[in-house]
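Remarks on the structure that follows.
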Amino acid sequence: MSTAHPTALTFRSAVEADVPDLVELVESAYRGDASRAGWTTEADYLDGQRTDPEGVRAIIDSADGVLLVVERAGELVACCQLEHRGDHAYFGMFAVRPGLQGGGLGKEILAEAERRARETWGAGEMRMTVVNVREELIAYYVRRGYRRTGELSPFPYGDERFGVPLRDDLAFELLVKPL
């Protein structure tokens, strides 16, 4: 019998067997009607897929990063990508199960990701990109110490691996935080 607190989060590196569950989690957090149960949905801006098995496998297989699986009582509740990029780390593919959003899990997971990037790689900064029209999500990261840079990169229109845009004004904004 485990003595761990039943609501404690556990973190581990994703493995091949996790791919189907991770794709389902990410899709449920970002796309379609299921995503509307949470507040991180992109369903009003993007249709189609958010990721696919090949995209998840590529992150798992990367020598420069990790896809963290976050579990509570053995259940997959979230995931996030960390990638070492020289003097900084990149944070991406962050997904919390929609029905569990808004309860503080994201804040706890983000803090653990920042700690790992700092302690594992000596990263001095965390960077991420967020779709520029997602003001509520950007505000969430600003409250956690991230700074809007105003630096935009183009959305990959025409590449359906990233979704099918429902608007013509999408771009990615770079957010940064010193670690």
Side-chain angles (χ1 to χ4, degrees), residues 4-43 45-46 48-85 88-121 123 126-131 134 136-138 140-141 143-146 156 161-163 172 174-175 177 179:
H5 192 272
T7 60
L9 297 178
T10 59
F11 297 80
R12 64 175 176 82
S13 297
V15 296
E16 172 67 27
D18 295 316
V19 169
D21 291 338
L22 289 168
V23 170
E24 183 277 325
L25 170 66
V26 171
E27 293 299 309
S28 75
Y30 287 95
R31 297 288 198 273
D33 287 337
S35 69
R36 294 183 192 280
W39 66 274
T40 62
T41 184
E42 293 176 340
Y45 314 114
L46 292 160
Q49 70 178 31
R50 169 62 168 75
T51 191
D52 55 31
E54 294 74 26
V56 172
R57 267 189 213 96
I59 296 169
I60 291 172
D61 293 342
S62 170
D64 295 321
V66 62
L67 184 56
L68 288 177
V69 170
V70 184
E71 296 170 317
R72 184 169 59 194
E75 177 193 356
L76 174 64
V77 296
C79 67
C80 66
Q81 169 193 11
L82 285 173
E83 185 177 319
H84 185 208
R85 296 184 178 176
H88 70 276
Y90 177 81
F91 179 80
M93 201 171 281
F94 189 25
V96 174
R97 197 160 296 288
L100 300 175
Q101 293 176 15
L105 283 179
K107 181 168 42 174
E108 188 175 343
I109 294 163
L110 184 59
E112 175 64 12
E114 292 167 352
R115 184 193 69 76
R116 286 175 182 240
R118 188 175 55 251
E119 292 181 8
T120 303
W121 298 317
M126 185 78 88
R127 297 182 185 177
M128 68 175 75
T129 56
V130 179
V131 176
R134 305 214 39 223
E136 187 178 0
L137 185 59
I138 291 170
Y140 168 85
Y141 288 120
R143 288 192 303 273
R144 285 170 183 70
Y146 286 80
R161 291 177 304 163
F162 298 95
F172 293 109
L174 177 66
L175 306 181
K177 178 180 179 178
L179 297 178

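Starting from 1, each residue takes its place in the sequence as its number. Nothing here was measured: the structure is a model prediction, and the numbers come from that model.
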Which heavy-atom pair separates [X] from [Y] by the least distance, and what is that distance?
X	Y	answer
Tyr30	Ala95	CE1-CB, 4.1 Å
Val15	Ile60	O-CD1, 3.7 Å
Pro98	Ala29	CG-CA, 3.9 Å
Val26	Cys79	CG2-SG, 3.8 Å
Ala78	Ile109	CB-CD1, 3.4 Å

For Glu114, give me all partners under side-chain hydrogen bond (donor to acceptor under 3.5 Å, both in side chains), at least two apart in sequence or on another chain. Tyr146, Lys177

Any residue meeting side-chain hydrogen bond (donor to acceptor under 3.5 Å, both in side chains) with Gln49, in chain and number order, not counting sequence neighbours: Asp52

With rounding to the nearest 0.5 angstrom, report the [atom1] to [atom2] distance, [X] to [Y].
X	Y	atom1	atom2	answer
Thr120	Leu82	OG1	CG	8.5 Å
Leu67	Leu22	CG	CG	5.5 Å
Glu112	Leu68	CD	CG	7.5 Å
Arg116	Leu179	CZ	CG	14.5 Å
Arg144	Leu175	CZ	CG	13.0 Å
Asp64	Trp121	CG	CH2	8.5 Å

How would you list, by chain and number, every residue that makes a side-chain contact (heavy atoms from CB on, under 4.5 Å) with Phe172, sequence neighbours excluded? Thr129, Val131, Ser153, Phe155, Pro156

Charged N to carboxylate O below 4.0 Å: is that the case for Glu75 and Arg72? no

Between Glu27 and Arg31, is there a side-chain N and carboxylate O pair less than 4.0 Å apart? no

CZ/Arg161: more than 12 non-hydrogen atoms of other groups inside 6.0 Å: no

Do the ring planes of Phe94 and Tyr141 sit parallel (below 30°), tilted (30 to 60°) or perpendicular (above 60°)? tilted

Beyond-backbone contact of [X] with [Y], side-chain heavy atoms, under 4.5 angstrom:
X	Y	answer
Phe91	Leu110	yes
Arg97	Leu76	yes
Glu24	Asp21	no

